[in-house]
Visitor: 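Pasting a structure below so you can have a look.
Just so we're on the same page: letters track the sequence lines, and every chain starts at 1. The basis for the numbers below is simple: all heavy atoms, side chains too, and nothing from hydrogens, waters or symmetry mates.
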2 protein chains.
Amino acid sequence: MKLSTKGRYGLKAMVDLATEYDSDGKLSIAQLSERQGISYSYLEQLIALLKKAHLVSASRGAAGGYRLSRPPEQITVGEVLKALEGSTALVECVDTCGTDCDNVCSCAARPLWLKLQQRIDSVLESTTIRDMANDYITQKERNPK
Amino acid sequence: MKLSTKGRYGLKAMVDLATEYDSDGKLSIAQLSERQGISYSYLEQLIALLKKAHLVSASRGAAGGYRLSRPPEQITVGEVLKALEGSTALVECVDTCGTDCDNVCSCAARPLWLKLQQRIDSVLESTTIRDMANDYITQKERNPK
DNA sequence: CTAATCCCTATCAATATGGTATGATTTACT
DNA sequence: AGTAAATCATACCATATTGATAGGGATTAG
C-alpha cells in the first residue's frame with residue numbers, strides 16, 4: 001500500500017511547474033532535477049509519462065523546457081497520479097470489475113475496498129496542483145531555506 | 001499504491017474466522033485455504049503474521065486450528081492490515097517523520113500525504129472485522145452460490 | 001501410535017522499482 | 001553554418017518484493 005517514488009517525484013515536479021505557471025516560465029529537466037535532488041534520467045522518464053497524459057507540454061531544442069499544459073487549478077492530484085502510476089486503485093477489482101477475480105460478487109472485502117477507494121478518490125479529485133503550490137509557498141515563507 | 005495479496009488474502013481469512021467466532025469454532029489452514037482458493041503454504045505464512053500480532057490464536061496438534069483471539073467487533077481492519085503489511089502508510093514520511101527524507105519540512109507534497117493518510121486511517125480504524133463479516137453474510141444471502 | 005495439525009525455514013520465478021547510459025533529434029543563438 | 005542545450009527514445013541493470021512451493025520438525029487428539 002505504498003506510493004512509489006514515481007508518484008511522489010512526479011507530483012512534486014508538477015507542483016514545481018505550477019509555481020512557474022503564472023510567470024509563463026518554463027523549467028527544464030535539468031532545473032527540475034536539480035531543484036529536487038532527483039536523478040536527471042529518472043525524472044526524464046517520469047516527465048515523459050506526464051507528457052503522454054497531456055499534463056505538460058514541451059518545447060524542444062536549446063532553451064526548451066516544460067510547462068503545464070493547463071492552469072494548475074484545473075489539474076487534480078488524481079489525474080497526475082493516474083498518469084504516473086497507471087491507476088489510483090488500491091485493488092484492481094474496484095475499477096475493472098471482475099475481469100480476473102472470479103468471485104467478486106461474493107468477496108468479503110469488496111464493500112470495504114469500494115468505500116476506501118471512494119474516500120481516497122474524493123481527496124485526490126478535490127485537490128488541485130494549485131492548492132498544493134499554495135500550501136508549498138506559505139510553508140516556505142514560514143520556514144525559509 | 002496497490003494493496004498486495006498479502007493484505008487482501010489475510011484480511012479475507014480474518015473475516016472468515018469472524019463468521020465462526022460466535023459458534024466457538026476453529027478453522028484450520030486447510031479449511032481456510034480451501035474455502036478461499038488460496039495456496040496452503042502461502043496462507044500459512046500470512047496466518048503466522050496475524051498470530052505474531054496476537055490477532056489469532058492457534059491450537060496445535062490434531063483437530064487444531066485457529067480462531068480470533070478477540071471478538072471481531074474489537075478488531076479493526078487497520079490492525080489487520082498493519083500486521084500483514086507492516087504499515088498502512090502510503091508514504092514513509094507520514095509516520096516516521098524525517099528519518100530518511102531530509103527535506104520533510106519543505107516538501108511540497110507533505111500536507112497532501114497527511115490529509116490523505118488521515119482519511120484512509122479513519123476508514124480503516126472505524127471498520128471492524130465484525131462489520132465486514134456482516135456485510136459478507138447479507139451479501140451472500142442476496143446472492144447465494 | 002498415528003494421523004492431523006501447527007510451526008519454521010529455505011528456496012525460487014516473476015515482476016516492479018529505481019536508476020544509469022547512450023545516442024538521436026530538434027532548435028535557439030551566435 | 002555551427003554549436004550547445006535541450007527533448008526524445010531505448011536499452012540495460014541491480015535490487016527488492018511478491019507470491020508461491022517444498023520439506024521437515026513439533027505437538028496433540030483419538
Visitor: Do the side chains of B:L114 and A:I137 join up, straight or via other hydrophobic residues, at under 4.5 Å, putting them in one cluster?
Guide: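 Each belongs to a different hydrophobic cluster.
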Visitor: Between C:dC6, D:dA6, C:dT25, which nucleotide has the shortest distance from any of its atoms to the side chain of A:S28?
Guide: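 Nearest listed nucleotide: D:dA6.
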Visitor: If you round to the nearest 0.5 Å, how far is CG of B:L49 from CD of B:Q45?
Guide: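 With rounding to 0.5 Å, CD (B:Q45) is 8.0 Å from CG (B:L49).
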Visitor: Does the distance from a Lys or Arg side-chain N to an Asp or Glu carboxylate O, for A:D22 and A:R130, drop under 4.0 Å?
Guide: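 Salt bridge flag = yes for A:R130 with A:D22.
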Visitor: Nucleotide by nucleotide, 5' to 3', does protein get under 4.0 Å of the base (B), only the sugar-phosphate (S), or neither (-) in nucleotides 14-21 of chain C, counting heavy atoms?
Guide: ---SBBBB
Visitor: Within this structure, what is the CG-to-C1' distance between B:L43 and C:dC7, rounded to whole angstrom?
Guide: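 One finds 14 Å between C1' of C:dC7 and CG of B:L43, rounded.
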Visitor: Calculate, to the nearest 0.5 Å, the distance between atoms CG and CE belonging to A:L55 and A:M14 respectively.
Guide: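 It comes to 4.5 Å.
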Visitor: In whole angstroms, how far is the P atom of D:dA9 from the CG atom of A:L50?
Guide: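 Answer to the nearest Å: 15 Å.
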Visitor: Could you state the CG-P distance from A:L46 to D:dA9, rounded to the nearest angstrom?
Guide: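 A:L46 atom CG is separated from D:dA9 atom P by 16 Å.
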Visitor: Whole angstroms only, please: what is the OH-P distance between A:Y66 and C:dT27?
Guide: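 Answer to the nearest Å: 13 Å.
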Visitor: Closest approach to the side chain of B:A62, judged atom by atom: which nucleotide of C:dA3, C:dC7, D:dC8 is it?
Guide: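 Shortest atom-to-atom distance from the side chain points to C:dA3.
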Visitor: Assuming nearest nucleotide by heavy-atom distance, tell me which of A:I47 and A:A63 is located more 5' along DNA chain D.
Guide: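 Nearest nucleotide further toward 5': that of A:A63.
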Visitor: Please tell me if A:K51 has a side-chain N or O lying less than 4.0 Å from either OP1 or OP2 of D:dC8.
Guide: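 The answer is yes; a side-chain N or O of A:K51 sits under 4.0 Å from OP1 or OP2.
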Visitor: Would you kindly give the NZ-to-P distance between A:K2 and D:dA16, to the nearest whole Å?
Guide: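 So the NZ-P distance, A:K2 to D:dA16, works out to 17 Å.
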Visitor: What is the distance from CZ of B:R60 to P of D:dT28, rounded to the nearest Å?
Guide: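 The answer, rounded to whole Å, is 7 Å.
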Visitor: Between A:D135 and B:R110 (salt bridge meaning N to carboxylate O under 4.0 Å), is one present in this structure?
Guide: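 No, A:D135 and B:R110 are not salt-bridged.
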Visitor: So which heavy atom on B:G7 is nearest to which on B:E85, and how close?
Guide: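 Nearest pair, atom of B:G7 first, then B:E85: N-OE2, 3.1 Å.
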Visitor: Test: salt bridge (Lys or Arg N to Asp or Glu O under 4.0 Å). Region: residues 37-64 of chain B. Which pairs qualify, not counting sequence neighbours?
Guide: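 Found none.
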Visitor: In whole Å, I'd like the distance from the CG atom of B:L27 to the P atom of C:dT5.
Guide: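 About 11 Å, once rounded to whole Å.
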